[in-house]
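The first residue in the sequence is number 1, and the count goes up from there. In listed order, ligands and their atoms are each counted from 1. We use all heavy atoms of the structure for the numbers below, so side chains are in, but hydrogens, waters and symmetry mates are not. If you're wondering where the values come from, they're calculated on a predicted model, not measured in any experiment.
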Amino acid sequence: MTLINNMVGRKIVMSITGLALVSFVFIHLLGNISLFSGPDGINAYAKMLHSLGPFLWAVRLIMAVALGLHVIFGIQLTLENRAARAGKYAATKHLSATVAGKNMIWTGLLIALYLGYHLLHFTAQVIMPEFSASRHLDALGRPDVFSMVMHSFRNIGISVAYVMAMAALGLHLSHGLQSMFQTLGLNNERTQPAVVTIGAAAALALFLGYAAIPAGIISNVIGR
Ligand code: HEM
């Protein structure tokens with residue numbers, strides 16, 4: 001209880017939940033990249049995921065709790081920081097703060113908004129239900145996730161919205177990853193420049209990896 005009652009404790013919870021979320025984002029990208037190899041890759045991957053049954057639901061529950069804590073503490077910390085700064089503005093103004101660092105709350109809320117849309121789109125499949133994978137099976141009788149994603153991203157508006165959400169994700173992680181190292185005490189003065197560079201490179205790689213999917217579909221590299 002005392003852990004979540006003080007600011008450092010809440011930052012530690014933010015770091016641990018952030019680590020769980022970014023691990024998911026990385027693994028999810030590895031699964032989605034199989035779209036480049038045609039229907040077989042992603043349809044087999046989705047079928048395997050769904051065959052995990054109770055284990056899949058246990059992971060979903062853990063991730064939902066991690067996301068909930070991350071969002072609630074993120075909002076709380078932002079409000080506390082703003083209140084503290086309002087009291088002694090001149091002393092705490094961070095001239096060196098980056099765009100990513102200053103906008104964590106906004107990129108975070110944008111990602112949460114995107115996630116709500118994404119789950120309705122590809123998991124609940126209530127957005128564009130005419131392309132729902134559970135209604136259309138492939139030649140092997142599996143839900144046709146490949147066709148659902150292809151039809152969705154051929155809509156330029158949807159592709160642009162996804163790429164913008166991925167940009168928010170990249171920006172959020174470019175600050176979040178190095179902040180996590182700092183909070184968990186995994187950096188020092190000597191390693192700090194490397195931590196910043198590696199964090200930014202990982203965020204950029206995730207952005208490019210995810211953005212390559214709508215870009216690949218629009219440009220017909222995927223699904224030729
Ligand atoms: C081009 C980008 C993306 C594509 C093509 C994509 C595709 C998909 C698909 C097809 C599913 C449904 C899987 C299934 O149930 O069969 C899914 C679920 C999901 N995606 Fe994505 N995704 C993308 C980006 C993201 C990003 C950036 C995030 C996180 C910020 C994310 C988070 C999730 C979550 C949380 C689920 C639900 C997983 C579950 O069913 O338990 N996705 N995605």
Exercise for the section: Tell me which protein heavy atom sits closest to atom 26 (C) of ligand 1, plus the residue, atom name and distance to 0.1 Å. Expected result: Tyr114 OH, 3.6 Å
Exercise for the section: Check ligand 1 against Met166 and write out every atom of the ligand that is under 4.0 Å from a heavy-atom position of the residue. Expected result: 27 (C)
Handout entry: Under-4.0 Å salt bridge between Arg135 and Glu130
Key = no
Problem - ligand 1 atoms in contact with Ala46 (distance to a heavy atom under 4.0 Å) - result: 16 (O)
Exercise for the section: Would you kindly specify which portion of Val59 sits under 4.0 Å from ligand 1, judged on non-hydrogen atoms: side chain, backbone, both or neither? Expected result: neither
Practice task
Please assess Met180 against Thr183 for the test side chain to side chain contact (heavy atoms under 4.5 Å, CB included), listing each intermediate value before the final yes or no.
Solution key: CA-CA 5 Å; Met180 179 183 82; Thr183 303; 5.9 Å; no
Exercise for the section: Mark whether atom 13 (C) of ligand 1 lies under 4.0 angstrom from at least one protein heavy atom. Expected result: no
Practice task
Flag yes if more than 12 heavy atoms outside Phe181 fall under 6.0 Å of its CZ atom; otherwise flag no.
Solution key: no
Problem - Residue pair Val149 / Ile42, side-chain heavy-atom distance below 4.5 Å - result: no
Practice task
For atom 5 (C) of ligand 1, find the nearest protein heavy atom and state the residue, atom name and distance (0.1 Å precision).
Solution key: Phe153 CE1, 3.7 Å
Exercise for the section: Treating Ile, Leu, Val, Met, Phe, Trp and Tyr as nodes and any side-chain heavy-atom pair under 4.5 angstrom as an edge, say whether Leu30 and Met166 lie in one connected cluster. Expected result: yes
Exercise for the section: Using 2.8 Å as the cut-off, count the protein N, O or S atoms closer than that to atom 21 (Fe) of ligand 1. Expected result: 2
Exercise for the section: Report, in ascending order of atom number, the atoms of ligand 1 lying under 4.0 Å from any heavy atom of Leu169. Expected result: 27 (C)
Exercise for the section: Answer yes when Asp138 and Lys47 have at least one side-chain N-carboxylate O distance shorter than 4.0 Å, and no when they do not. Expected result: no
Fill in the blank from the handout: Any heavy atom of Leu119 under 4.0 Å from ligand 1? The part involved is side chain
Completion exercise
min-distance protein heavy atom vs atom 38 (C) of ligand 1 -> Phe24 CZ, 4.3 Å
Exercise for the section: Give the residue and atom name of whichever protein heavy atom lies nearest to atom 16 (O) of ligand 1, and the separation in Å to one decimal. Expected result: His50 NE2, 3.0 Å
Handout entry: Heavy-atom check, side chain of Phe122 versus side chain of Val145, under 4.5 Å
Key = no
Practice task
Under 4.0 Å, heavy atoms only, figure out whether ligand 1 is touched by the backbone of Leu115, its side chain, both or neither.
Solution key: side chain
Practice task
Answer yes or no: is there a donor N or O on one side and an acceptor on the other, between the side chain of Ser219 and the main chain of Ala215, under 3.5 Å?
Solution key: yes
Problem - Within-shell test, Met63 vs ligand 1, heavy atom, strictly < 4.0 Å - result: no
Handout entry: atom 1 (C) of ligand 1 [closest protein heavy-atom partner, distance rounded to 0.1 Å]
Key = Tyr210 O, 3.6 Å
Practice task
Looking only at protein heavy atoms, identify the closest one to atom 39 (C) of ligand 1 and say how far it is in Å.
Solution key: Arg60 NE, 3.3 Å
Handout entry: Side chain to side chain, Asn103 and His172, heavy atoms closer than 4.5 Å
Key = no
Practice task
Under the side-chain hydrogen bond (donor to acceptor under 3.5 Å, both in side chains) rule, what do Asn81 and Thr78 come out as? Steps first, then yes or no, please.
Solution key: CA-CA 5 Å; Asn81 280 336; Thr78 305; 5.9 Å; no
Fill in the blank from the handout: of all protein heavy atoms, closest to atom 10 (C) of ligand 1 is Val145 CG1, 3.5 Å
Exercise for the section: For the pair Gln125 (side chain) and Ser134 (backbone), establish whether a donor and an acceptor sit closer than 3.5 Å, ignoring hydrogens and angles. Expected result: yes
Handout entry: Ring centers of Tyr114, Tyr162 separated by less than 6.0 Å
Key = yes
Problem - Flag for Ser152-His121: side-chain donor and acceptor within less than 3.5 Å - result: yes
